[in-house]
Amino acid sequence: MTKTNPIKMGYRTLEAWFNLSFGPSWNPLYNLGTLTFFFFWVVLVSGLYLFIFFDTSIAGAYASVEYITHEQWYMAGVMRSLHRYASDAAVITILLHMFREFSLDRYRGFRWFSWFTGVPTLWFVITLGITGYWLVWDELALYVAILSSELADALPIMSGSMARNFLEGQLTDRFFTLMGFLHLLGQPILLVVVIWIHVKRMSHVQISAPRGLAIGSFIALLALSLVAPVQSHGPADLSKVPDVLNLDWFYLNVYPLLNYWSAEQTWMFTLGTTFVLMILPWLPPKKTGPAAEVHLDHCNGCGQCADDCPFDAINVQARTDGARWAHEVVVQPNQCAACGICVGSCHSSNPFSQKNEVLETGIDMPQYPVNELRDRTDAAISKLREDNKILVFGCENAFDISTLESANASVVEVFCVGMLPSTLVEYALAKGANGVFITGCRTGDCYFRYGNVWLDKRFEGGRKPRLRARADRRRIMVFRGAEMDGAKIKSALTEFQNTITDLNGQNSSKLTIHEYKESSDERA
Amino acid sequence: MSARKPKWFLLQALNYTLFMIIVWYFSFSPPYRQLAEEKSVVTLAFGHAGERIAECKVLSQQELEKLAPNMRKPTDCPRERSPITIELQLDNQAAIKDVFQAPGFYQDQSVDVYRNVNVASGKHLLSVWMNDDINVDGHTHRLDQSVNLLPAQRLVVSFDTTTNEFSIK
């Protein structure tokens, strides 16, 4: 996908708008998955409460829902509205989640599995909603029941006609109880299973929305529930065809198609659309670079890379080479995103060590070894001519940092900023750079999920390998931005250059490369 | 959080409001008209097994002797059932016309008929006939009846297998 893709730019603009009001940590577009989970919790809790008052019989269902809606409007009625609106909101966040991954080209290559398993998840969500509408047993429920049955009847696996159940005198409580069981237990459990499969190839999966976003969303849902409480249609009457319906278009949008198409055609359309969506990662496929390689001679099996890997591609296992360490790591090549974050995690990726030799580390990218990264850093620094020499590190999935190149700014591109060993930043400062400017994907939106996060934590001292306290933070700036944020990034770089000029004027003391080396040896 | 400015919260409130308006609107709107005004639905729905295609045949003594002792039943009844041809007419115009093959590997199962047709509300002459026996020409069961369909009414035409007659509800 090119950087001028208008869909991507449009999405980025929307993202920037939300950053303006929510900030990166609460930005709903960065938290679509967790927000969906949050809506799911609201649906679950409100659903459990509603079940207390719900009568799972044909004769009693509608009356019990009417009691919930009108008699106990202050609690059960609000719960019903929360149940409905949170379900609807979840569909929006799911669709936005899909659109986001598509527009940002995060559905192909190593991400195929999440996309491929995520598309059918929508079916489980929608059918869960459909059975929910069924239970109300109003005119809308009857409409849903009859048309769902007609759709089911069209499947070659069905014998007999399910739709005939919904004619006068045919329906029994047993069938209704079955629907209740499906909606209350069977389908939610299935949904949890498919979501588990969906996130199977990811680590550090977040399921809790940021508190501020969750509170805001809940207040909004509550306000909507109080302002526009959900009402039922008239009771189901098997002798009548409800002519005008207030459909919930989030869940019931497929049914109107049956007015124009046969059930078979509707199946072909919906299944065909699902199939095309599922195979999108191969239309065309996206090549992922070679997987990370483990060099046991430099690996002590600490497992930091396994913990940092955003895609669960690294496992820790018992040592196999007879070395004194208890463990070693092994890469699952088919799950590796080739992001290089593991290189930044490895304590052996220390440019101060093996200074005059080829730098080797415990886990490395064959297409861009850490030794080459150090060489490029050296070369970039040697090109700098002005007094305030700035070395820019940037990731290849965000703003094109080559445009930042100037007489006093040299650039080094990495796969992900998480690939940067903290010691490389110190190394750059020790080797003559007056400042290190790091840019990459927007905060909260790392292309490789956790590169940004780990970098921040390493710099803040909250995650190994840490940027040591003695590194002069005033000479390090992290400023993130997407492809379209060039002006902001350039402005931040200019500001940083001015800061560095001021610092140089103060004759700020800097550590020599020898001091860094000693320090790094001590730590090793 | 403490560093957040009030205008950010106002913008958040605006975003939440817009989001909830979208949730609320598409949760109920636009209204969907399933059935045009002054229209009714006639549903033809029943389950019925066609007659066997061939009569049971009484086996001769010679034929019985050719069979294994445990297989010697005096009659051989073919399982295949006749397809069901059905037609529903309103005011002498065919509204539903179909032939249903008996399902099953041996085509010996009961046929499930379920068809809907939208019709103008009002008075109609409804005729429904069925042939459930391939060996009989014409219809084997028939009902002609005047009906007055109210708007949005669902009229169900079914076949009672106990009385072998069509009924209208």
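From a predicted model like this one, the values you see are computed outputs, not experimental measurements. The chains referred to below are lettered A, B, ... by the order of the sequence lines, with proteins before strands, and numbering in each begins at 1.
Ile22(B) touches chain A through backbone and side chain together, each having a heavy atom under 4.5 Å away. With a 4.5 Å cut-off on non-hydrogen atoms, Ile92(A) touches chain B through its side chain but not through its backbone. Residue Pro151(B) does not touch chain A at all, counting heavy-atom pairs closer than 4.5 Å. At a 4.5 Å heavy-atom cutoff, Pro103(B) makes no contact with chain A through either its backbone or its side chain. When heavy atoms are compared at a cutoff of 4.5 Å, Asn118(B) does not approach chain A at all. Contacts between Ser158(B) and chain A at a heavy-atom distance below 4.5 Å are absent for every atom of the residue. Neither the backbone nor the side chain of Val111(B) comes within less than 4.5 Å of any heavy atom of chain A. With a 4.5 Å cut-off on non-hydrogen atoms, Ser217(A) touches chain B through its backbone and its side chain both. Looking at Ser29(B), only its backbone comes within 4.5 Å of chain A, counting heavy atoms on both sides.
Between Leu155(B) atom CG and Lys240(A) atom NZ the span is 14.5 Å, to the nearest 0.5 Å. Rounding to the nearest 0.5 Å places CD1 of Ile146(A) at 7.5 Å from OG1 of Thr43(B).
Interface check for chain A: of the options Ala45(B), Ser27(B), Ala13(B), Gly104(B), the most heavy-atom pairs under 4.5 Å are formed by Ser27(B). Looking only at heavy-atom pairs under 4.5 Å with chain A, the residue among Phe26(B), Tyr32(B), Phe46(B) that has the most is Tyr32(B). Residue with the most contacts toward chain A among Gln153(B), Lys39(B), Gln109(B), Met20(B): Met20(B) (heavy-atom pairs, distance under 4.5 Å).
For the pair Arg154(B)/Leu142(A), no side-chain contact is recorded, criterion being any heavy-atom separation below 4.5 Å from C-beta on. Side-chain contact check for Trp24(B) versus Asp88(A): every heavy-atom pair is 4.5 Å or farther apart. Residues Arg33(B) and Val244(A) form a side-chain contact, since some pair of their non-hydrogen atoms from C-beta on lies under 4.5 Å apart. Side chains of Gln231(A) and Phe28(B) form no contact here, defined as non-hydrogen atoms less than 4.5 Å apart. At a threshold of 4.5 Å between non-hydrogen side-chain atoms, the residues Phe18(A) and Asn15(B) count as touching. The shortest side-chain heavy-atom distance between Tyr114(B) and Glu150(A) falls under the 4.5 Å cut-off. Taking 4.5 Å as the limit, every side-chain heavy atom of Trp26(A) sits out of range of all side-chain heavy atoms of Trp8(B).
Side chain of Gln34(B) to backbone of Pro242(A): a donor-acceptor contact under 3.5 angstrom is found.
Note on ring orientation: taking the six-membered ring where Trp is involved, the planes of Tyr16(B) and Phe22(A) are perpendicular (angle over 60°, cut-offs 30° and 60°).
When all heavy atoms of Leu11(B) and Ser21(A) are compared, the pair lying nearest together is CB-CB, 3.2 Å.
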